[in-house]
There are 2 protein chains.
Amino acid sequence: MVRASATAEEPLSSELIRAAGVKVTRGRVRVLDALRAARQPLSHAEMEALPAGAGDAAIDRVTLYRVLDSLVACGLALKAVDTRGVFRFSAAGAQRQHAKHVHFRCTGCGGVFCLKAEPPPPPRLPRGFRLQQVEFDLRGLCAGCGALAS
Amino acid sequence: MVRASATAEEPLSSELIRAAGVKVTRGRVRVLDALRAARQPLSHAEMEALPAGAGDAAIDRVTLYRVLDSLVACGLALKAVDTRGVFRFSAAGAQRQHAKHVHFRCTGCGGVFCLKAEPPPPPRLPRGFRLQQVEFDLRGLCAGCGALAS
DNA sequence: CCACAAATGCAACAGTGTTGCATTTGCAGG
DNA sequence: CCTGCAAATGCAACACTGTTGCATTTGTGG
């Protein structure tokens with residue numbers, strides 16, 4: 001069954017795209033669906049490989065880059081760099097749940113743990129600087145890796 | 001005038017390299033000198049372009065990668081990823097002076113700016129976790145890139 | 001001074017991201 | 001329902017970043 005619309009908590013990707021003021025295309029809907037379904041930010045390579053079960057052909061590599069750029073430009077997706085230097089994208093709503101706490105990155109296993117603490121308020125910026133994102137990351141060994149190393 | 005040795009506060013790069021237990025080569029000395037002289041982490045491309053005034057020929061691209069890897073492997077340099085996804089290297093001692101303040105990473109030009117503010121104290125960690133490093137990064141547009149974008 | 005392991009230089013390659021251009025498509029307006 | 005146009009797509013080619021293999025050179029301990 002295909003719903004023609006959706007609840008306020010879970011709007012259809014196509015509606016989000018339309019509301020953002022850009023054209024609703026199959027590519028954009030598919031990509032935004034994938035980003036919203038993913039529990040972690042996705043790389044371009046990971047998304048290129050998604051057959052998505054839909055009968056559609058795979059998305060062109062360049063088109064995927066441009067779709068992602070457009071989603072970022074209209075605020076529906078976020079772009080970040082992982083530790084290997086590869087861009088990763090996430091749905092804009094997804095990080096809201098991660099914005100309010102601190103992350104601990106284990107240098108041993110590479111795992112990311114969410115801590116309860118809130119990130120502290122940012123300091124004053126020099127004139128002309130525009131803040132977009134605050135990242136408070138702790139690095140170290142998690143309980144498991146610490147036990148192994150000792 | 002060329003000093004044959006140096007003070008304890010400012011050891012020669014060649015001595016640091018020798019002390020690290022790896023061969024002292026012209027490439028390593030030049031690169032470590034550049035890293036120690038730089039006020040910001042340098043990208044591979046930036047270092048490749050350094051004529052350094054010395055009469056030496058430019059360093060081979062691959063050799064530069066390997067020199068950097070070796071400096072990182074023996075603890076004399078640090079490797080990080082900037083917001084554009086390119087690796088940046090810094091002398092290992094340099095980050096000690098960076099540990100006590102906050103960084104602003106420009107998502108436009110990839111530049112890193114040091115702010116005056118101190119990083120806030122880390123929150124309590126779960127049992128067994130060991131803290132090694134605290135990173136408080138702000139992301140956004142620097143004054144230059146902000147002016148271009150507007 | 002010599003030998004050997006480490007480091008270098010060169011060529012070729014892989015992955016990631018971008019640009020130009022012709023064609024297709026979403027969407028608004030008749 | 002058509003039609004036009006700007007936006008989006010697909011394709012080819014390119015640029016940049018980083019890596020691997022291999023022959024040659026060089027630093028260093030003996």
(message) Please report the interatomic distance CG(Leu12(A)) to CG(Leu32(A)), rounded to the nearest 0.5 Å.
(response) 10.5 Å

(request) Compare all side-chain heavy atoms of His44(A) with those of Tyr65(A) and state whether any distance is below 4.5 angstrom. (result) yes

(request) Calculate the interatomic distance between Ile17(B) atom CD1 and dT26(D) atom C1'; express it in whole Å. (result) 15 Å

(message) Could you check whether any side-chain heavy atom of Val67(A) comes within less than 4.5 Å of a side-chain heavy atom of Ile59(A), counting everything from C-beta outward?
(response) no

(message) By nearest heavy atom, map Val22(A) and Ala45(B) onto DNA chain D; which one lands nearer the 5' end?
(response) Val22(A)

(message) Looking at every non-hydrogen atom in both residues, tell me the closest pair between Leu35(A) and Phe89(A) and how far apart they are.
(response) CD2-O, 3.4 Å

(message) Using heavy-atom distances to pick each residue's nearest nucleotide on DNA chain C, tell me which of Arg61(B) and Thr25(B) is more 5'.
(response) Thr25(B)

(message) Base, sugar-phosphate or nothing for Arg18(B)? Non-hydrogen atoms, less than 4.0 Å.
(response) sugar-phosphate

(message) Would the distance check show the side chain of Arg28(B) and the main-chain N or O of Lys23(B) forming a donor-acceptor pair, the cut-off being under 3.5 Å?
(response) yes

(request) Find out whether Gln40(B) and Arg88(B) are in side-chain contact, i.e. whether some heavy atom of one side chain is under 4.5 Å from a heavy atom of the other. (result) no

(message) Can you measure Arg26(B) atom CZ to dT28(D) atom C1' for me and round it to whole angstrom units?
(response) 16 Å

(message) Any heavy-atom pair between the side chains of Asp69(A) and Lys79(A) that's under 4.5 Å?
(response) yes

(request) Return the value, rounded to whole Å, for the distance between atom CZ of Phe87(B) and atom C1' of dC16(D). (result) 14 Å

(request) Anything under 30° is parallel, anything over 60° is perpendicular, the rest tilted; go ahead and classify Phe113(B) against Phe129(A). (result) perpendicular

(request) Shoot me the first and last contacting nucleotide of DNA chain C against chain B, ordered 5' to 3', at under 4.0 angstrom to non-hydrogen atoms. (result) dA5(C) to dA11(C)

(request) Check DNA chain C against residues 63-74 of chain A and give the residues with a non-hydrogen atom under 4.0 Å, in numerical order. (result) Tyr65(A), Arg66(A)

(message) So Val86(B), base contact, sugar-phosphate only, or nothing? Heavy-atom distance under 4.0 Å.
(response) sugar-phosphate

(message) Can you measure Arg88(B) atom CZ to dT17(D) atom C1' for me and round it to whole angstrom units?
(response) 13 Å

(message) Restricting to non-hydrogen atoms, name the atom on Val102(B) and the atom on Phe136(B) that form the minimum distance, rounded to 0.1 Å.
(response) CG1-O, 3.2 Å

